[in-house]
Amino acid sequence: QQQQMGAAGGEGPGFRMMSMRRRDNTVVYRDLEANTQIEATNFMDKDFLVVGIDSANIAGWKVTGKQKMVAGYPCLSATRSDSMMGRPREITAWFSPAIPIQAGPQSFGGLPGMILEIDMNQGQTVTTATSVAFKTLEEGLLVMPDKGKKVTREEFRKLVDERMKEMRQMSGGGPGGGGTFIIRN
């Protein structure tokens, strides 16, 4: 499903600027016992099944010692820096050792407790658990995704990096620049 984000008059007759963006419908299926992950995602109107744990999201944490409550659980913070699609990002994870599962939202993990909050770039994007429930799930409730082209995480990352580089070159922007396309009618 596409959503028009903006349109404006252009630079002369027959030109129009427009930006289109897909809504994110990514599904991450993780099997903690088998230590496997399949991420069903759409990139450039193509469905992919990205197979493999994103090791970048589980390594390099530095526990800070800061504490706060999240969803009724005492949490400690850990931070790390990395980049996504060539853009640097600062990540703060709030994890609870009271829930001894090394997992969290999206594909984050690797800390000695469940990650209940992820903060990207000092509040730019924050994902927070509002409650935690321990219960047995009905059989078949969680289904492994199976639609899309199977690729490894490295293959998918390379595909995304190449496409983003092409888009920056087309828009005349440098790393992270541009983002506006000129479409001739």
Side-chain angles (χ1 to χ4, degrees), residues 1-7 17-61 78 80-93 95 101-111 114-121 124-129 137-183:
Q1 187 174 2
Q2 290 190 341
Q3 158 181 0
Q4 183 171 330
M5 298 305 290
M17 289 187 276
M18 189 180 320
S19 173
M20 303 288 276
R21 183 170 69 177
R22 279 187 73 77
R23 289 187 179 162
D24 189 9
N25 292 322
T26 299
V27 173
V28 178
Y29 180 92
R30 294 174 72 184
D31 184 334
L32 297 175
E33 289 178 9
N35 197 30
T36 60
Q37 176 175 301
I38 295 179
E39 182 178 324
T41 191
N42 184 289
F43 179 70
M44 304 301 293
D45 287 327
K46 294 180 183 166
D47 292 325
F48 291 93
L49 292 173
V50 184
V51 179
I53 300 288
D54 190 350
S55 59
N57 282 342
I58 60 174
W61 294 108
R80 59 184 268 265
S81 300
D82 68 7
S83 66
M84 173 157 279
M85 291 191 272
R87 294 187 175 140
R89 63 181 185 171
E90 296 294 320
I91 305 165
T92 301
F95 68 97
I101 300 170
Q102 294 188 5
Q106 300 164 18
S107 58
F108 289 102
L111 289 164
M114 177 67 77
I115 298 172
L116 298 179
E117 182 174 292
I118 290 286
D119 181 334
M120 305 278 195
N121 297 325
Q124 184 179 28
T125 303
V126 178
T127 303
T128 303
L137 298 178
E138 297 174 27
E139 188 69 33
L141 183 64
L142 300 178
V143 179
M144 185 183 316
D146 61 359
K147 291 184 174 72
K149 179 183 178 183
K150 261 190 183 178
V151 294
T152 66
R153 184 148 307 278
E154 293 75 27
E155 290 169 332
F156 185 71
R157 194 170 278 132
K158 183 178 177 184
L159 174 76
V160 170
D161 288 346
E162 287 173 1
R163 186 64 180 136
M164 296 308 287
K165 183 179 177 182
E166 289 173 13
M167 290 174 66
R168 281 193 293 270
Q169 289 173 345
M170 285 175 28
S171 67
T180 302
F181 296 91
I182 298 173
I183 303 168

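We count residues from 1, following the sequence as given.
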What distance separates [X] [atom1] from [Y] [atom2], expressed to the nearest 0.5 Å?
X    : Y    : atom1 : atom2 : answer
I91  : I118 : CD1   : CD1   : 7.0 Å
D146 : D47  : CG    : CG    : 11.0 Å
D161 : K158 : CG    : NZ    : 10.0 Å

Suppose we screen for side-chain hydrogen bond (donor to acceptor under 3.5 Å, both in side chains). Which residues come up paired with [X], at least two apart in sequence or across chains?
X    : answer
T152 : E155
N121 : Q124
T125 : none
Q102 : none

[X]: what forms a side chain to side chain contact (heavy atoms under 4.5 Å, CB included) with it, not counting sequence neighbours?
X    : value
A78  : W61, V63, F95, L111
K149 : F48, V151
A103 : R30, L32, I101, M114
M144 : Y29, I38

Side chains of [X] and [Y]: does their closest heavy-atom pair fall under 4.5 Å?
X    : Y    : value
V50  : T41  : yes
D82  : R89  : yes
L142 : L137 : yes
Q37  : V28  : yes

- request: Please report the closest heavy-atom contact between L49 and G148, naming both atoms and the distance.
  value: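 Reported closest heavy-atom pair: CD1-O, 3.8 Å.
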message: Could you go through R153 and E39, starting from their C-alpha distance and side-chain angles, then the distance that decides it, and tell me whether this counts as salt bridge (Lys or Arg N to Asp or Glu O under 4.0 Å)?
response: CA-CA 9 Å; R153 184 148 307 278; E39 182 178 324; 3.1 Å; yes
- request: Check step by step if side-chain contact (heavy atoms from CB on, under 4.5 Å) holds for M44 and R163.
  value: CA-CA 9 Å; M44 304 301 293; R163 186 64 180 136; 3.1 Å; yes
- request: Using the side-chain contact (heavy atoms from CB on, under 4.5 Å) rule, pick out the option among V126, T127, T92 that qualifies with E117.
  value: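 Single side-chain contact (heavy atoms from CB on, under 4.5 Å) partner of E117 among V126, T127, T92: V126.
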